[in-house]
Amino acid sequence: MPDSGAPEQSDRPGLDRLLGDLRALEALADGWDDAARMGAKAQAAAIDALNAEAFRRMIRTLKSRDGFGKALAEAANDEVVYAVLRRHGILKPSLHERVEAALETVRPMLASHGGNAEVASVEGNRAEIRFLGACDGCPASQLTFYAGVKKAIEDHVPEITEVRQVKGLGGGGADTVHFTSPFAETLGGSWINALDLAKLPDGTTLFETVGGESVIFARQGDLVTCFRNACAHMGLEMTEGAVEAGILTCPWHGFRYALESGECLTAPEVQLHAHAVRVIGSRIQVRIVP
């Protein structure tokens, strides 16, 4: 068979190489004077605008053809095609990408405490998030989830109406855990001296009133947690609920909660409302989160 001269698929540059070439070219302008740098930037913007308009006109012409939508979707499976079409706004970002972008807004805060988070899955109107590093298993992880991660996703991706935290990979450790969520300082209010740590022995649960609100304290080893005393089912107080092996059972309708995380074992889509808690010396302090 005669050689067509077309490059083999394996010889074609990938997205990383192409982007690397672009970055290298952009870096060349760092040493130029302002006029030359602005001229190069304006030329690049004009080429971008020309390409974007050409893509739009092409798609307007072809979109009425039978099978065009399917063909475009197949073409967009190529990473280079997808990147270019996304750059020019021909394709909109997927929900997964938008959730990932929302996480990017809170990652610096998580990183300040040695943690991170990743998108475990996005299906329909539901996103599942997994904590990594120090945030995985941190006593303040529920506050971090509700005040930081969940809020960021709801603000940036309103189509996602259900945000859940799923089990981490066990990457945290006692030497990296912070008792205070990185988002606690952003919530307003002040730390309240709640009770002496000695009053909350290992394995115990207390129902107390702090700052005018009924709360639940629980301790398992060095882990101290604090939650609003309100069942996530109907908001009823659970003071008379039974506690066994770190599991609180609501006396009203039997909903069961893991007191180390606030996770509802009966209905995983709901969780206890966490308050910021920290241990300073022998004192347990709480910041009441509305």
State the CD-CZ distance between Glu97 and Arg86, to the nearest 0.5 angstrom. 5.0 Å
May I ask you to decide if Leu259's main-chain N or O and Thr225's side chain share a donor-acceptor pair within less than 3.5 Å? yes
Other residues, nucleotides and ligands only: do more than 12 of their heavy atoms fall within 6.0 Å of CZ on Arg17? no
Decide whether Met38 and Trp32 are clustered together by the hydrophobic rule: side chain heavy atoms of Ile, Leu, Val, Met, Phe, Trp, Tyr closer than 4.5 Å, transitively. no
Quick one: does Glu79's side chain have a donor or acceptor within less than 3.5 Å of a partner on Leu15's backbone? yes
After noting the C-alpha distance and the side-chain angles of Arg164 and Glu162, does the key distance pass the side chain to side chain contact (heavy atoms under 4.5 Å, CB included) rule? CA-CA 6 Å; Arg164 287 191 56 203; Glu162 183 181 346; 3.6 Å; yes
Examine Phe227 and Trp252 and state if one hydrophobic cluster contains both, with Ile, Leu, Val, Met, Phe, Trp and Tyr joined whenever side-chain heavy atoms are less than 4.5 Å apart. no
To the nearest 0.5 Å, what is the distance between CD on Glu240 and SG on Cys250? 11.0 Å
Measuring from atom CD1 of Ile153 to atom CD1 of Ile129, what distance do you get when rounded to the nearest 0.5 angstrom? 3.5 Å
Taking atom CZ of Arg87 and atom CG of Asn51, what is their separation to the nearest 0.5 Å? 9.5 Å
Do you reckon Leu62 sits in the same ILVMFWY cluster as Leu72, going by side-chain contacts under 4.5 Å, direct or chained? yes
SB check Lys151 Asp155 (cutoff 4.0 Å): yes
Quick one: do Arg228 and Leu272 satisfy side chain to side chain contact (heavy atoms under 4.5 Å, CB included)? Show the steps, please. CA-CA 7 Å; Arg228 179 184 296 167; Leu272 292 179; over 6 Å; no
Provide the closest heavy-atom pair for Gln271 versus Glu263 in the form atom of the first, atom of the second, distance. CG-CA, 4.0 Å
Between Phe255 and His233, how do the two ring planes meet: parallel, tilted or perpendicular, split at 30° and 60°? parallel
Is Tyr257 reaching over with its side chain to a backbone N or O of Ala232, donor-acceptor style, under 3.5 angstrom? yes
For His275 and Glu213, which I'm curious about, is there any donor-acceptor pair between the side chains at under 3.5 Å? yes
Other residues, nucleotides and ligands only: do more than 12 of their heavy atoms fall within 6.0 Å of CD on Glu244? no
Please determine if Arg107 and Glu100 form a salt bridge, counting it only when a charged side-chain N lies under 4.0 Å from a carboxylate O. yes
Shared ILVMFWY cluster between Leu95 and Val163, side chains joined below 4.5 angstrom? yes
Value rounded to 0.5 Å, distance of CD in Glu118 from CZ in Arg130: 5.0 Å
Is there a path from Met238 to Leu265 through hydrophobic residues (I, L, V, M, F, W, Y) whose side chains come within less than 4.5 Å of each other? no
Taking all non-hydrogen atoms of both residues into account, name the closest pair between Phe207 and Leu248 and its distance. CZ-CD1, 4.1 Å
Any ion pair linking Glu26 and Arg23 (charged N to carboxylate O, less than 4.0 Å)? no
Working note: Ile192 + Gln285, criterion side chain to side chain contact (heavy atoms under 4.5 Å, CB included); need CA distance, chi angles, decisive distance, verdict. CA-CA 5 Å; Ile192 302 171; Gln285 296 184 335; over 6 Å; no
About how many Å separate CG of Leu200 and CD of Glu208, when rounded to the nearest 0.5 Å? 9.0 Å
Sub-3.5 Å donor-acceptor pair from the side chain of Ser214 to the main-chain atoms of Thr209, do we have one? no
Taking Asp202 for the side chain and Gly221 for the main chain, is one N or O donor matched with an acceptor at less than 3.5 Å? yes
Ala218 and Thr205: which non-hydrogen atoms are nearest, and at how many Å? CB-OG1, 4.1 Å
Ignoring hydrogens, what is the shortest heavy-atom contact between Leu206 and Lys199? Give both atom names and the distance. CD1-O, 3.3 Å
Are more than 12 heavy atoms, taken from residues, nucleotides or ligands other than Arg60, located less than 6.0 Å from that residue's CZ atom? yes
Would Thr204 and Phe217 satisfy side chain to side chain contact (heavy atoms under 4.5 Å, CB included), going step by step from the backbone distance to the final call? CA-CA 8 Å; Thr204 61; Phe217 285 104; over 6 Å; no
Looking only at side-chain N and O atoms, does Asp196 offer a donor or acceptor that is under 3.5 Å from a partner on Ser282? no
